[in-house]
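Just so we're on the same page: letters track the sequence lines, and every chain starts at 1.
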Amino acid sequence: MFMDIYDATGKVQIYTSKEHPEASVLEMLDMVDIGDIIGIKGTVRRTKRGELSVNTQEITMLAKALLPLPEKFHGLTDTDTKYRHREVDMIMTPETIQTFIKRSRIYETIRQLLISKGLLEVETPILQSIKGGAAAKPFITHHNTLDMDLFLRVAPELFLKRLIVGGLPGVFEFAKNFRNEGMDTTHNPEFTGLEMYLPYTDYNDMADLFEEIVRTACQAVNGTLQIEYDGKKFDLSKPFARVTMNDMIKKYAGVDFMAITSDEEARNAAKKLNVEVDEDADWGHSMAAVFEAKCEEHLIQPTIVMDHPKSMNPLCKTHRSEPRLVEQFEPYINGKEMGNAYTELTNPLDQRERFEAQVAAREAGDEEADMMDDDFVEALEHGLPPTGGMGIGMDRLIMFLTGNTSIRDVIAFPTMRKK
RNA sequence: GAGUGCGUAGCUCAGUCGGUAGAGCACCUGACUUUUAAUCAGGUGGCCGAGGGUUCGAAUCCCUCCGCGCUCACCA
């Protein structure tokens, strides 16, 4: 009688010899079903076929499986059951449990890397009275004792920068964020953003750090920097391309937005490319819209897209040589945005004006625009040193590093409709 | 939110032209005493996603709803 027993580390064969079977062992073997968790005591040896095997002298039932497992050969393929009962998916599908083992290792690796660079891991409020830090629609909840509505955070950014004002030498947070928006293969209503802020750096330093994080994490879980994803080959040992948004637009859409001086001209340039823009879209929004429509899909190999328009980035410092741009980059891999980084805006006067512009946009109907955050502006008035900051979409990074093409395959319990 | 495909046993799936529910695995019983998913025989197991309609008769055709996937839109 031969049997394989499994755990997360692999399988081992057990057997009972037919010449000297233990009565208690035979009795127990008769009771064991697929999915039971059992303890085995016995001597280890190799069988005639050379397989390492345990000659069983004692079996203990540690946990009896009351529910049957899915059939072994086909496994669990129903996506609904995989997501609603992830534990079953993990038991049945080696790739699934490997994904979550790798997810943990990626966190561990990045955490160690950032700590080694002198950053501190911190925690900031998830319940916030002002929605800030990103253009997104929030979830709203209510605190009974305070009789006050609160927002689930869409980003930890503003609180993290206040910790830099306070004097921490660099901070990071693996932040669960919540955005009340659509869902698809790259969006879950709750997702994890890794945000980090390091004083006396700028967005160029953040780009270096992005490359280092991706490489270190990839090496840790794949043991190599040459990986395949979505049928394409990626060599992460090569430097990531660094390009400007305008150069990408010139390349893929044939328009030089830096040569365009009016909002109207910019809108017309977008329309000419069949890119839809609002009637009152300014130069920056038109430029960003063209980039998203014409360029993103081409950015397969890791590409750091720098120097975005200013009007849509109220927390980012104006570009050192071009007043219409900000020192922002977004890294792309396989055509997907993997994060967002700034040379942070540190000037409180400028910050207040940018918030005021956001408030105006909000009053004009933009639900995603930021609210005025007086506490944050006041913090800046105490002095935020020149600081580089970056957010990375952990779920998307994990997708890329584990070969999964749906965000729901890397989140253990993705958001599901009530059944 | 829009388009589209799907939903039959615990799991993987058949189910023809509309004729009243099937297989394999799992589980139980018995035989077998051994190997790399799968030994043999027998058995248990179904609100055919839900509701309505057409029909003598619906898993099958029609409508509504629920859930999941994919594509698009918004976003990270």
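- Distances from the side chain of A/Glu181 to the nucleotides B/rG67, B/rC11, B/rC74 place B/rC74 closest.
- At whole-Å resolution of the value, NE2 in A/His74 and P in B/rG10 are 18 Å apart.
- Comparing the P positions of B/rA9 and B/rG22 gives an interatomic distance of 14 Å, to the nearest angstrom.
- Nucleic acid contact for A/Lys418: sugar-phosphate only, since backbone atoms but no base atoms lie under 4.0 Å from a heavy atom of the residue.
- You'll find that the side chain of A/Arg84 is closest to B/rG67, out of B/rU12, B/rU71, B/rG67.
- As judged by a 4.0 angstrom heavy-atom cut-off over every strand, A/Lys82 is placed among residues making no nucleic acid contact.
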Quick test: give all pairs of protein nitrogen or oxygen and nucleotides 5-8 of chain B nitrogen or oxygen below 3.5 Å, distance rounded to 0.1 Å.
none

With Watson-Crick and G-U wobble geometry limited to distances under 3.5 Å, how should the secondary structure of RNA chain B be encoded in dot-bracket form, using | for bases paired to another strand and [ ] for crossing pairs?
-> (((((((..((((.....[..)))).(((((.......))))).....(((((..]....))))))))))))....

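- If you take CZ of A/Arg45 and C1' of B/rU35, they are 14 Å apart, rounded to a whole angstrom.
- One can place CZ of A/Phe2 at 13 Å from P of B/rA38, the figure rounded to the nearest angstrom.
- As judged by a 4.0 angstrom heavy-atom cut-off over every strand, A/Asn177 is placed among residues making no nucleic acid contact.
- With sequence neighbours left out, the side chain to side chain contact (heavy atoms under 4.5 Å, CB included) criterion links A/Lys317 to A/Thr343, A/Thr346.
- The NE2 atom of A/His308 sits 9.5 Å away from the OH atom of A/Tyr342 when rounded to the nearest 0.5 Å.
- A/Glu330 comes within 4.0 angstrom of nothing in the nucleic acid, heavy atoms only.
- The distance from atom CZ of A/Arg86 to atom C1' of B/rC68 is 14 Å, rounded to the nearest whole Å.
- Under 3.5 Å, the side chains of A/Ser311 and A/Arg354 contain no donor-acceptor pair of N or O atoms.
- Counting any heavy atom pair closer than 4.0 Å across all strands shown, A/Arg417 reaches sugar-phosphate atoms only and no base atom.
- Using a 4.0 Å heavy-atom distance criterion, A/Met3 is classed as making no nucleic acid contact.
- Going from the P atom of B/rU54 to that of B/rA14 covers 31 Å, rounded to whole Å.
- Whole-Å rounding puts the A/Asp184 CG to B/rA73 C1' distance at 10 Å.
- If you take atom C1' in B/rA38 and the same atom in B/rA23, they sit 14 Å apart, rounded to whole Å.
- Within the nucleic acid shown, A/Gly391 has no heavy atom closer than 4.0 Å to any nucleic acid atom.
- Ring-base stacking between A/Phe191 and B/rA76 is satisfied, the centre separation being under 5.5 Å and the plane angle under 30°.
- A/Asp33 comes within 4.0 angstrom of sugar-phosphate atoms only, judged by non-hydrogen atoms across all strands, and of no base.
- In this entry the distance linking NZ of A/Lys64 with C1' of B/rA26 reads 12 Å, nearest Å.
- Exactly one residue among A/Ile40, A/Ile14, A/Thr43 makes a side chain to side chain contact (heavy atoms under 4.5 Å, CB included) with A/Asn55. That residue is A/Thr43.
- Across B/rA73 and B/rA2, the matching P atoms stand 16 Å from one another, rounded to whole Å.
- No side-chain donor-acceptor contact under 3.5 Å links A/Asp230 and A/Thr405.
- Counting heavy-atom neighbours within 6.0 Å of A/Lys64 NZ, excluding the residue itself, gives a total above 12.
- A cation-pi arrangement is absent between A/Arg86 and A/Phe100 under the rule of less than 6.0 angstrom and at most 45 degrees off the ring axis.
- Atom CG of residue A/Asn334 and atom OG1 of residue A/Thr186 lie 11.0 Å apart, to the nearest 0.5 angstrom.
- For B/rU35, its base never sits under 3.5 Å from the side chain of A/Glu51 at any donor and acceptor pair.
- Ring centers of A/Phe151 and A/Phe139: at least 6.0 Å apart, outside the cut-off.
- Aromatic pair A/Tyr252/A/Phe291: centroids not less than 6.0 angstrom apart.
- At whole-Å resolution of the value, CD1 in A/Ile34 and P in B/rU12 are 15 Å apart.
- Contact annotation for A/Asp89: no contact, since no heavy-atom pair falls under 4.0 Å across all strands.
- When heavy atoms are screened at a 4.0 angstrom cut-off, A/Leu67 is found touching no nucleic acid atom at all.
- Here the separation of B/rC65 from B/rA26, taken at their C1' atoms, is 33 Å to the nearest Å.
- Heavy atoms of A/Gly182 sit under 4.0 angstrom from at least one base atom.
- Nearer to the 5' terminus of RNA chain B, by closest-nucleotide assignment, is the contact made by A/Leu76 (compared with the other of A/Arg408 and A/Leu76).
- For the P atoms, the distance from B/rC27 to B/rG69 is 30 Å, rounded to whole Å.
- For A/Phe400 and A/Tyr229, the ring centers sit closer than 6.0 Å to each other.
- B/rU8 and B/rG1 are spaced 31 Å apart, taking the C1' atom of each and rounding to whole Å.
- Taking atom CD1 of residue A/Ile398 and atom P of nucleotide B/rA76, one finds them 19 Å apart after rounding to whole Å.
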